[in-house]
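Comments concern the structure below.
Reminder, nothing fancy here: chain letters follow the sequence lines and each chain counts from 1.
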4 protein chains.
Amino acid sequence: MTRSREALLAGALDELAAVGYAAFSMESVAARAGVGRSTLYRHWGDRLQLIADALETLNVQPAPPDRPADETAREHVEDLLRHLADALSRSRVSACLPALVHAAEQDAGVREFLHGYSRRRRQALVDAIAEGTARGEFRPGDPDIGADALSGAVFYRRLMTAHPVRPDDVPVLVDAVLGRR
Amino acid sequence: MTRSREALLAGALDELAAVGYAAFSMESVAARAGVGRSTLYRHWGDRLQLIADALETLNVQPAPPDRPADETAREHVEDLLRHLADALSRSRVSACLPALVHAAEQDAGVREFLHGYSRRRRQALVDAIAEGTARGEFRPGDPDIGADALSGAVFYRRLMTAHPVRPDDVPVLVDAVLGRR
Amino acid sequence: MTRSREALLAGALDELAAVGYAAFSMESVAARAGVGRSTLYRHWGDRLQLIADALETLNVQPAPPDRPADETAREHVEDLLRHLADALSRSRVSACLPALVHAAEQDAGVREFLHGYSRRRRQALVDAIAEGTARGEFRPGDPDIGADALSGAVFYRRLMTAHPVRPDDVPVLVDAVLGRR
Amino acid sequence: MTRSREALLAGALDELAAVGYAAFSMESVAARAGVGRSTLYRHWGDRLQLIADALETLNVQPAPPDRPADETAREHVEDLLRHLADALSRSRVSACLPALVHAAEQDAGVREFLHGYSRRRRQALVDAIAEGTARGEFRPGDPDIGADALSGAVFYRRLMTAHPVRPDDVPVLVDAVLGRR
DNA sequence: CGCTAACCGAGACGGTACGTCCCGTCTTTAC
DNA sequence: GTAAAGACGGGACGTACCGTCTCGGTTAGCG
């Protein structure tokens, strides 16, 4: 709303991406925003409220791009996964993700945010898979399981290995889990 | 080695599991171990050294149980996944995992540990899948991709949702990714 | 200035008098003043800055009492010495003196303070002696030397013996050094 | 006695002279002596015992030099004062003196040592003055007072000013306090 | 136009944890 | 059997943030 509010929310995300949740410092957020410490506390009371609020900022779902009428379900699934892989490689979300995973373990508010974020993405994937399965584009199977395996592979590679999934890897992954073209 | 060393390493893991990496306090670890703060610093110098060392403790791979000679590759894969699912539900590793994921993002030592830990588990899975594929127990496919999808699903459900994979979920998952029985 | 500042300065002098310079503890000063340790460090940064500042407190010279017009130079000299003897027996200055002497050896700031304090007192004495000498109340002689001998006796007895100069001892001392009445 | 004992006593005096009583560190004394910390504690238990013992080392009175038969009492007094002035300018005693003054205020053992040291020196001076007074070399007067004034001037200038008494200053001082030649 | 209210910065305050240094005690090694 | 090495619990150091608070100063809106 007020000018400093936005500067602080942005500063909070920067801080989170830069030093993580553990070393996150209100002092430093205020400095990033070029704002007095007291102003910060006037708006958010404590660290967690600020972080939780800043995360909402990330929550704005970009409207799903108009899908061409003739896009196959497989293409759609691949798009969703490519977008996820991309988000986990480059965006601010990616930088904050490990901090979020950790914070979620400690704080119900953050947990809610993280799970909700994940749920929305996953649901889109489930829908696309279900459509493809119905159309016979994919091997028959539970679309929920498929979504876990596909999303999981992307998150797993980002969080637990040094080699995140790249866009080119996506088709192979879809082939393996949902059935060859 | 010395008595207090072990008490402190154990205390460190407890602390990590209890309050996470962000709120991890040397003060509190020393208290948990019933040991003077200076003793703690005599051994580890700072927070990260202690955590890194404590993690090595988790690193001891339990010898793979003697596999019955007649176990199928599918059974083996399912065992590995059930063990992983179990580890991510109950063990000390699970409690520390979010803290680890976060710490790994900030510290190379922890990152190395986490990736190494993940790599070893994954390799066992890859081998089992490859064997099954060779024997025709599974649908043909790249065992690396299959391992990512299977491991990924388990980690994803633990870290990003409120519903971790339970042992009973494993066969369905294996069916979906590697091919129906 | 701020409330706690004064409480801390007073506490510092108490601490200095009570346990000396060697055992002087910031922790304990803060406790004496009923103030948080961080407040103490916010104002002074470290032990020496605090002590140096606290000493300035002692530096306020009480305005010389209106000397009766008919006071002789000898009476004036005796007054000054009695005042010194008294200060070295009872006052807070006396309690801090040994600590000061030691601290002065290690720290230039304290040294400056101590020497300045001594110089001012001594100068008043030199002036009084010079006046008396000019008036023929005292035996001819260098007033600086006389001041050293008189001041010296008082400090010497305070610092190096168990028997400080008492007010009654002053006239005899003046007789011996400056000439009999 | 044992080799390390002596090294430690010497080291203690060095340390005292170097950093004073306040910053005196057992750690550092042991290091100076090239000896383990535990060896130090085996001999002295704590800081004060060590310091007290080390000071005894300084206590060895050099045998009074054979006074020439024809030396006057004034010459003797001047010799004693010159020796004192010299000791307070150069020797290890001088370096330790401020530390001693301070320690004496806190610790009875050190106080006893310091006062005793002072008493012995002063007595020699009193005797010399008394002799000179008896012989008519000095103005009549109480030799105790004279000794306080003379010793006092020397200590005062050492401890409270930046200008210690130098050997050349001695005759003038004696003239002023005990009577002109 | 001037008053009031909000928002803001600066920073004092009591607190807690950090990592460092030294204390005095003790056990364990090794010469 | 004496000395070294060094682990141990303790406690003060000076630093950095925390979250709370009071204090002036600016700006805006409203009377």
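- The CG atom of D:Leu40 sits 14 Å away from the C1' atom of F:dA5 (whole-angstrom rounding).
- Rounded to whole Å, the distance from CH2 on B:Trp44 to P on F:dA7 is 12 Å.
- If you check every strand for non-hydrogen atoms under 4.0 Å, B:Gly34 touches sugar and phosphate atoms only.
- Using the six-membered ring where Trp is involved, D:His102 and C:Tyr21 have ring planes that are perpendicular, over 60° apart on the 30 and 60° scheme.
- Counting distance only, with no hydrogens placed and no angle test, the side-chain atoms of D:Thr39 and the base atoms of F:dA3 include no donor-acceptor pair under 3.5 Å.
- Side-chain atoms of D:Arg37 come within donor-acceptor range of the base of E:dG24, with a qualifying N/O pair under 3.5 Å.
- C:Leu50 CG to C:Leu9 CG: the interatomic distance, rounded to the nearest 0.5 Å, is 6.5 Å.
- Here the side chains of B:Leu100 and B:Tyr117 are not in contact, with every heavy-atom distance at 4.5 Å or above.
- Toward the 5′ end of DNA chain F lies the nearest nucleotide of B:Ser38, the other residue of the pair C:Asp46 and B:Ser38 mapping further downstream.
- Using a 4.0 Å heavy-atom distance criterion, D:Ser28 is classed as making no nucleic acid contact.
- Listed here is the closest heavy atom pair of D:His115 and C:Leu159: NE2-O, 4.4 Å.
- A donor-acceptor contact under 3.5 Å links the side chain of B:Arg42 to the base of F:dG9.
- At the heavy-atom level, A:Ser25 lies under 4.0 Å from the strands shown only through sugar-phosphate atoms.
- Rounded to an integer number of Å, the gap from B:Arg3 CZ to E:dT28 P is 13 Å.
- In this entry the distance linking CE of C:Met26 with P of E:dC22 reads 18 Å, nearest Å.
- The CD atom of B:Glu27 sits 18 Å away from the P atom of F:dC18 (whole-angstrom rounding).
- Rounded to a whole Å, the CG atom of B:Leu50 is 15 Å from the C1' atom of E:dA17.
- Heavy atoms of D:His43 sit nowhere under 4.0 angstrom from any nucleic acid atom.
- When each of D:Tyr41 and B:Tyr41 is assigned the nucleotide of DNA chain E bearing its nearest heavy atom, the one mapping closer to the 5' terminus is B:Tyr41.
- Atom pair C:Glu6:CD and E:dC13:C1' shows a separation of 16 Å (rounding to whole Å applied).
- In this structure, B:Arg47 places its CZ atom 9 Å from C1' of E:dA17, rounding to the nearest Å.
- A salt bridge is absent between B:Arg119 and B:Glu112: the closest approach of a Lys/Arg side-chain nitrogen to an acidic carboxylate oxygen does not fall below 4.0 angstrom.
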